Every structure is written in structure tokens, then in C-alpha cells.
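Have a look at the structure below before the remarks.
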Amino acid sequence: MGFNPFSFGAVLGRYRAHAFMILVQVGYTLLYFITEASFNHGMNPHVYVTYRHIVSSIVMLPFAYFLERKIRPKLTFALFMELFVLSLLGVSLTLNMYFASLRYTSPTFLSSMVNTIASLTFIIAVALRLESLNAKSPKGMAKIFGTLISLAGVMTMTLYKGPVVKKLWGAPIHIPGNSVIHEQWLKGSILSVASCITWSIWYIMQAMTLKRYPAQLSLTTWMSFLGAAQSAVFTAFLEHKPSAWAVALNVDLWSVLYGGVVVSGLIIFIQLWCTEKKGPVFVTMFNPVSTVLVAFLAYFVFGERLFTGSIIGSVVVIIGLYLVLWGKEENQKDQKTNQGEGKEDSQEKNIDLGEKGDVP
């Protein structure tokens with residue numbers, strides 16, 4: 001049987017959003033390590049959020065201006081306020097709470113908590129009727145059980161450590177740790193849960209805003225610009241030392257550039273595209289992939305300890321992820337089939353009416 005390029009192209013087209021979201025999680029995984037190194041070096045997390053989105057808005061502005069001149073909707077006051085709230089939820093409020101909670105808990109706890117965003121987004125989407133759910137159908141049961149299984153895997157990785165996996169070789173890269181550790185789990189947990197809730201609302205609001213403002217590059221630029229301004233005001237109240245705003249040619253600068261260009265620019269644009277094509281729940285269901293990548297990269301590259309609980313939890317998370325994605329794929333197939341049947345019925349009715357002389 002010969003190679004069929006059309007079939008291969010169809011497969012690429014069908015799973016393009018899946019491949020993009022895997023790349024997004026790889027980008028987030030690298031962000032975790034470079035920001036960890038920067039914060040351990042002494043950079044203020046709130047200053048980092050501000051600078052990162054200043055860089056993003058500068059980089060994305062020319063692309064948004066020239067490439068979307070014809071499709072960019074007129075910016076009304078109501079739409080501007082919507083973008084302001086979207087930036088508050090997705091940039092300044094969420095990320096500042098997220099990085100503040102990192103001070104009081106641990107990276108493992110926080111990376112596990114982020115995976116609850118998928119479940120929270122799914123619940124909110126169902127409540128707002130943005131996501132279809134038939135609990136009696138196999139597709140609906142797959143979504144429900146997939147979400148629960150994914151959460152169970154996250155909880156396993158968080159609560160169960162198990163024996164340490166024996167190291168096979170020395171770490172090729174070493175990230176200097178912070179010798180001072182402040183653990184205030186109650187305060188950190190509240191901040192992390194609050195950031196996950198606002199993050200979930202942000203994903204839902206993205207899908208709604210894209211219908212009124214279908215210019216993804218421009219939307220990414222506006223969120224970065226407004227988010228940077230909001231974060232700068234917030235940071236000014238918390239940080240009064242001018243030295244905290246200084247960034248030298250070291251890991252602090254590279255973390256800002258990577259976070260601004262790759263994460264707040266390219267990755268957010270890809271997420272907006274995937275949200276428009278597949279919906280917010282599809283996008284958030286890939287968050288566990290980053291947790292798995294962090295665990296294995298930390299072990300093989302950075303020499304951190306890996307526990308058997310992390311391996312077991314990772315496998316469980318992936319099983320839950322595939323269940324939810326299967327349910328969504330089957331739903332989309334049914335919707336396309338129903339739309340096709342509806343068009344055929346409409347054409348048949350038009351033909352019948354035409355034969356009776358009712359349609360010229």
C-alpha cells in the first residue's frame with residue numbers, strides 16, 4: 001500500500017491543535033526552571049510579572065498592527081473594559097497570586113494545584129452551558145471520570161511520595177537553591193487556590209471575548225500591555241526599593257525575555273487559537289502534561305529527587321487526560337454529523353418547495 005500524502009495531511013490537520021498544546025506545555029516546563037533559578041537569584045516575582053508582559057507587548061505589537069489591520073474590530077469602551085477585566089484575570093491578578101504562593105509553599109505543591117484548573121474550567125463551562133455534558137452517554141461519562149481520574153493522579157503526586165528512584169547518573173545542570181525557605185501552607189494554599197479559580201474564569205472569558213474580538217495577535221498584545229500596567233501599579237504598592245527593579249545581564253534578564261517573548265507572546269497566542277478552535281476545556285486539559293515533564297526533567301537533567309508516587313500519579317493523570325479528550329472528540333464528531341444532516345434536510349425542503357412553486 002503506497003503512502004497517501006492527503007491522508008497524512010488530514011491527520012496533521014486533525015491533530016494540529018493537540019501538537020500545539022503539547023509544545024505549549026513544553027514551553028511552560030522550561031519556564032518553571034528558568035523562573036525558579038531567577039527567583040532563587042533574588043528577583044522579585046511581581047517585578048518579573050511586570051517586565052515579562054512589557055516585553056511581550058513590545059514584541060507582539062508590530063505583528064498585531066500589520067497582520068490584523070483588516071480583521072481587527074473597532075475598540076469601543078465596553079470592549080476595552082472587557083479586555084481590562086480579561087487582563088486582570090489572566091495576567092496581573094492570577095500570576096501575582098501564583099508567584100506569591102510559591103514563596104509560602106513548594107514548587108511541587110503549586111505545579112500539582114495548577115492541574116485543578118482543568119476540572120474547575122470544565123465545571124464552570126458546564127454551568128454556563130459552554131460545554132455539553134450528557135452524564136448517561138459514554139462520552140459524558142468519559143469526561144466526568146477522566147476529570148476525576150486526572151485529579152486523583154494529581155493528588156497522588158502531591159500526597160504520596162513513596163520510595164526514591166535511584167539516580168542513574170549525575171545532574172548535567174544544577175540550579176542553585178534558596179537557603180531560606182518560608183513555609184506558610186495555609187496562606188500559600190489560599191493564594192494558589194484563588195489563582196486557579198481566576199485562571200479558570202480567564203479561560204472561559206477568553207472563549208467569549210474571541211467571539212467579539214476575533215483578532216488573536218491584537219488580543220494577546222492588549223492583555224500583555226494592560227496586564228503589565230496593572231501589575232506595575234500593584235508592585236509599586238508592595239515594593240518600595242528602587243533596586244528591586246534593576247535587572248542585570250544574568251538569569252534574571254533571560255527569564256524576563258523568555259517569559260515575555262515565548263510564554264506571554266507566542267504561547268498565549270497559540271492558546272487563544274486553540275481556544276477558538278477547540279474550546280477552553282480542551283486547552284486546560286493539557287496542563288497535567290507540564291507536571292509530568294517537570295517531574296522527569298527535574299530528575300534526569302537537574303538531578304532532583306524523583307519519587308515513585310510521582311511516576312504512578314503521572315500515569316494516572318495521562319489516563320484521565322485521554323479519557324476527557326476522547327469524550328470531546330466524539331462530541332465534536334456528533335456535532336459535525338448533526339450539522340451535516342441539518343444541511344441535507346434543509347436542501348431537501350428547498351427542493352420540495354421549489355417543485356411546488358413557492359420558491360422562485
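Everything quoted here is computed from the prediction, not taken from an experiment. Just so it is clear, the values below take in all heavy atoms, side chains as well, and ignore hydrogens, waters and symmetry mates.
Each of N250, N44, D252 was scored for a side-chain hydrogen bond (donor to acceptor under 3.5 Å, both in side chains) with S38, with one residue passing: D252.
For the residue pair S56 / S224, a side-chain donor-acceptor distance below 3.5 Å is found, with atom types taken as modelled. In this structure, a donor-acceptor pair under 3.5 Å is absent between the side chains of S231 and S92. At a cut-off of 3.5 Å, with distance as the only test, a side-chain donor of T198 or T94 sits close to an acceptor on the other residue.
A donor-acceptor contact shorter than 3.5 Å links the side chain of E68 to the backbone of Q216. The main-chain N or O of V47 is never found under 3.5 Å from a side-chain atom of R52 such that the two would form a donor-acceptor pair.
The ring-ring contact (aromatic ring centres under 6.0 Å, His included) check on F286 picks up F282, with sequence neighbours excluded. Take F225 and apply the side-chain contact (heavy atoms from CB on, under 4.5 Å) test, not counting sequence neighbours, and it matches S57, W222. By the ring-ring contact (aromatic ring centres under 6.0 Å, His included) test, Y65 is found to be paired with no residue, residues two or more places apart in sequence or in another chain being considered.
With contacts defined as side-chain heavy-atom distances shorter than 4.5 Å, the pair V49/Y98 does not qualify. For the pair C274/I270, a side-chain contact is recorded, criterion being any heavy-atom separation below 4.5 Å from C-beta on. Side-chain contact between V263 and I268: absent, with no pair of heavy atoms (C-beta onward) separated by less than 4.5 Å.
The same ILVMFWY cluster, assembled from side-chain heavy atoms under 4.5 Å apart, contains both L249 and V55.
Annotation for Y213: atom OH counts as buried by contact number, over 12 foreign heavy atoms lying within 6.0 Å. The number of heavy atoms from other shown groups lying within 6.0 Å of CH2 (W245) is above 12. Shown here is M205, whose CE atom has more than 12 heavy atoms of other residues, nucleotides or ligands within 6.0 Å. Within a 6.0 Å sphere centred on CZ of F84, other residues, nucleotides and ligands contribute 12 heavy atoms or fewer.
Shown here for Q271 and V283, the closest heavy-atom pair between the two residues is O-CG2, 4.0 Å.
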Output, in order, the C-alpha distance, side-chain angles, deciding distance and verdict of side chain to side chain contact (heavy atoms under 4.5 Å, CB included) for M208 and K211. CA-CA 6 Å; M208 297 178 176; K211 295 179 181 179; 5.7 Å; no
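Side-chain rings of F99 and F39 approach one another, their centers coming within less than 6.0 Å.
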